[in-house]
**Student:** 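Structure below; questions to follow.
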Amino acid sequence: MSTQTPPPVATGAGLAPLVELRGIEVVYDAAILGVADISLTVAPGEIVALLGANGAGKSTTLKATSGLLVADRALVSRGSVLFRGEDITGVAPNLLATRGIVHVLEGRHVFGHLTVEENLRTGTFLRRLGRRETERDLDEIYGYFPRLRTKRKTPAGLTSGGEQQMLAIGRALLTRPELVLLDEPSMGLAPIIVEEIFEIIAGLNRTKGTTFLVAEQNIAVSLRHAHRGYVLDGGKVVLTATAADLRERDDLHEIYLGLASV
Amino acid sequence: MNLFLETLIGGLLAGTMYSLVAIGFVLIYKASGVFNFAQGSMLLFAALTFVTLLEKGLPFAAALAVTIAILILGAILIERTVLRPLANRSPMTLFMATLGLSYVIEGAAQGLMGAQVHALDLGIEDVPIFIGDVLISQFDLVAAATAVTLALVLALLFNNTRIGISLRAVADDTRAALSIGINLNRIWQIVWAVAGIVGLVAGMLWGARQGIQFSLSLVVLKALPVLIIGGFTSIGGAIAGGLIVGAAENLAETYVGPYIGGGITPWFPYFLAIAFLYIRPAGLFGERALERV
């Protein structure tokens, strides 16, 4: 396992937020409350962790940001989502992808019958690249995830969980996003693979300035690489602090379980 | 031996026509996960539009172009008014919608263009020719060649083009496709238009043989066993299924028919389909969920 990385510094601190959620409420099927009142900001160049137990509202918050709520027959019923200062509440997810927001779904969601390389290609479609540019961009992704190159011709459904997670992230990066929403990238993966994936995320953030909002149940790993964090419980933000401060607290698990009164 | 060969080849050639009908179903099933009950009506509508335009005096190519344009408009209309409002509903809801759609299309076709039988002459002579000493229908040969060409073109399209790969991506995972910017509505429009065009080709060939009339929409009933045998998700499967059904029903009619009074053709494919359901429920080439164990 790698040594402790030095406490990261938020490069975007003080800048206008890249994305801002203002008191959003989400309802599913016009009846079931998804989240009650979420406000958060992510500055350009930040990695922000979204922590909380199952059902705290992490996935719903990400879907409200990427527009994918629509695929679950849900909508933002109160509040608004701003991206670079513009209201994007309720905009279709495929349009948001062209504007720079990409969502890596919980459970990876690779295209199982497509080969690894075809999966990556789909990520480039919205930019309508020529053959040469496509090859160049695929090469870059293979540079980050060398394992994917060896599995190029394999149907994605037959690769391992870690490879699928890398593929889902690589495919998302090929849309050239400004904001990447990652939902539970550690789910079901061996700790060493989780560490590898988070190190690649942190590396991309440092070298390319890509902004990440990461929903995670794995507190330790996500706080080691994030700049700031929000803790959700019962569809509300119950705590927010820098990752360094959150690491110091030993009551996070209690908040997760809804035991602490914050 | 000659009788056997003739029966087999005749069956295989007729089977490619079944394949052609089945391919239309496969396209829509892959893209929207729904068994499109309206495929038969679309086929009828397409063929009827084409033959009506011909009768109005349009040259062949112009009639074809106008029909295709109408099919594309129709696909856009169906996507806007039926598919988009019902997106993310259960497959059963969508299926019921296509059931309703089939009656709307059929009604519109007959309301606009009448219910009489139209003869269609594609200029292919239906005289049998000898290959070696086996007698084969020339029309069947042309129909088979058309079906195979169409299938090859579609296969190339799916495997190599942006739209083709997007379509397969949508078939695998709609949410993920949306998340990386694939325009689902556009894909649906394209797929329904292509299914309409495939229906047009199938309708022209069937129509040239038996006249273009209301009963043409019942070729759906021929496609169902083909799909069960070949699998709902594979164009190759639709081809194989069509060939199997065509050959089997022809052989059964010739060799088993005399013993049980004939008339086997209408039900034998279903008998075969049920047998396949026992042995291979996903069909010969159907995609099962691809997962590593």
Side-chain angles (χ1 to χ4, degrees), chain A residues 29 62-63 66-68 70-74 92-115 117-129 134 154-161 163-164 167-168 171-177 181 183, chain B residues 26 29-33 79-80 83-90 93-94 155 157-190 231-237 282 285-293:
Chain A
D29 265 330
L62 293 188
K63 284 177 185 166
S66 68
L68 274 173
V70 70
D72 293 341
R73 306 192 59 78
N94 56 309
L95 292 179
L96 289 180
T98 64
R99 286 167 72 167
I101 301 179
V102 74
H103 189 156
V104 181
L105 288 150
E106 179 178 356
R108 309 183 272 271
H109 288 259
V110 294
F111 303 125
H113 292 96
L114 273 59
T115 64
E117 184 144 313
E118 283 174 334
N119 265 274
L120 291 177
R121 270 178 206 285
T122 60
T124 67
F125 286 170
L126 58 78
R127 290 186 289 140
R128 304 185 172 280
L129 300 178
T134 306
T154 310
L158 296 179
T159 59
S160 73
E163 286 156 356
Q164 289 188 10
L167 181 55
R171 185 180 66 189
L173 290 172
L174 281 164
T175 66
R176 282 289 142 88
L181 307 167
D183 200 349
Chain B
V26 169
Y29 187 82
K30 271 177 92 88
S32 8
E79 191 275 322
R80 284 275 165 95
L83 300 177
R84 199 177 295 189
L86 293 180
N88 308 310
R89 302 267 185 172
S90 75
T93 309
L94 276 168
L157 201 78
F158 279 151
N159 288 320
N160 299 306
T161 66
R162 208 171 279 179
I163 287 171
I165 298 177
S166 300
L167 179 126
R168 285 159 57 219
V170 167
D172 262 4
D173 196 318
T174 314
R175 281 176 175 74
L178 279 172
S179 78
I180 53 165
I182 290 174
N183 186 340
L184 203 55
N185 302 321
R186 171 88 43 80
I187 296 288
W188 282 340
Q189 288 169 3
I190 291 170
F232 276 82
T233 51
S234 154
I235 289 180
F285 296 87
E287 285 171 350
R288 280 148 298 172
L290 199 52
E291 226 170 286
R292 206 164 127 132
V293 278

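Because the structure is predicted, anything quoted here is derived from the model rather than measured. Below, chain A is the first sequence line, B the second, and so on; all start at residue 1. These values consider heavy atoms only, across backbone and side chains, with no hydrogens, waters or symmetry-generated copies.
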**Student:** Answer yes or no: is there a donor N or O on one side and an acceptor on the other, between the side chain of B:R175 and the main chain of A:L68, under 3.5 Å?
**Tutor:**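 Looks like no, no N/O pair under 3.5 Å.
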**Student:** Let's test your reading of the structure: which of A:T175, A:L126, A:L114, A:V102 forms the most heavy-atom pairs below 4.5 Å with chain B?
**Tutor:**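 Of A:T175, A:L126, A:L114, A:V102, A:L114 has the most heavy-atom pairs under 4.5 Å with chain B.
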**Student:** Below 4.5 Å, heavy-atom pairs only: which of A:N119, A:D72, A:L105 has the largest tally toward chain B?
**Tutor:**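 Looking at each of A:N119, A:D72, A:L105 in turn, A:D72 comes out on top.
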**Student:** Relative to chain B, which segment of A:V70 carries a heavy atom at a distance below 4.5 Å: side chain, backbone, both, or neither?
**Tutor:**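 A:V70 touches chain B through backbone heavy atoms alone.
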**Student:** Using modelled atom types and a 3.5 Å cut-off, is there a donor and acceptor pairing between side-chain atoms of B:D172 and backbone atoms of A:G112?
**Tutor:**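 Side chain of B:D172 to backbone of A:G112, a donor-acceptor pair under 3.5 Å: yes, one is there.
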**Student:** Side chain, backbone, both or neither: which part of A:L173 has an atom under 4.5 Å from a heavy atom of chain B?
**Tutor:**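 Answer is neither: A:L173 stays 4.5 Å or more from chain B.
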**Student:** Please list, chain by chain and in numerical order, all residues satisfying side chain to side chain contact (heavy atoms under 4.5 Å, CB included) with A:F125, sequence neighbours excluded.
**Tutor:**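 Side chain to side chain contact (heavy atoms under 4.5 Å, CB included) list for A:F125, sorted by chain: A:R121, A:T122, B:R162, B:I165, B:S166.
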**Student:** Supply the atom-to-atom distance B:I180 CD1 to A:F111 CZ, rounded to the nearest 0.5 angstrom.
**Tutor:**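 Taking CD1 in B:I180 and CZ in A:F111, the distance rounds to 4.0 Å.
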**Student:** Could you work out, with side chain to side chain contact (heavy atoms under 4.5 Å, CB included) as the rule, every residue matching B:A31, not counting sequence neighbours?
**Tutor:**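 Partners of B:A31 under the side chain to side chain contact (heavy atoms under 4.5 Å, CB included) test: B:L167, B:W188, B:V191.
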**Student:** Could you measure the distance from the CG atom of B:D173 to the NE2 atom of A:H113? Nearest 0.5 Å is fine.
**Tutor:**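 Answer for the CG-NE2 pair, B:D173 versus A:H113, is 12.0 Å.
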**Student:** Are more than 12 heavy atoms from other residues, nucleotides or ligands located less than 6.0 Å from atom CG of B:L86?
**Tutor:**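 Buried by this count: over 12 neighbours within 6.0 Å.
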**Student:** Heavy-atom distances under 4.5 Å only: say whether A:R128 touches chain B with side chain, backbone, both or neither.
**Tutor:**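 Both parts, backbone and side chain.
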**Student:** Can you say whether B:A87 sits under 4.5 Å from chain A via the side chain, the backbone, both, or neither, judging by heavy atoms?
**Tutor:**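 The backbone, not the side chain.
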**Student:** Does any backbone or side-chain atom of B:A171 lie under 4.5 Å from a heavy atom of chain A? Answer side chain, backbone, both or neither.
**Tutor:**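 No part of it gets close to chain A.
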**Student:** Measure across A:A97 and B:S179 and return the closest heavy-atom pair with its distance rounded to 0.1 Å.
**Tutor:**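 Scanning both residues, the minimum pair turns out to be CB-O, 3.7 Å.
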**Student:** Looking at B:R84, I want to see if its CZ is surrounded by more than 12 non-hydrogen atoms of other residues, nucleotides or ligands under 6.0 Å.
**Tutor:**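 Yes.
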**Student:** Could you tell me the separation between the CG atom of B:N159 and the CD atom of A:E118, rounded to the nearest 0.5 Å?
**Tutor:**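 The distance works out to 7.0 Å.
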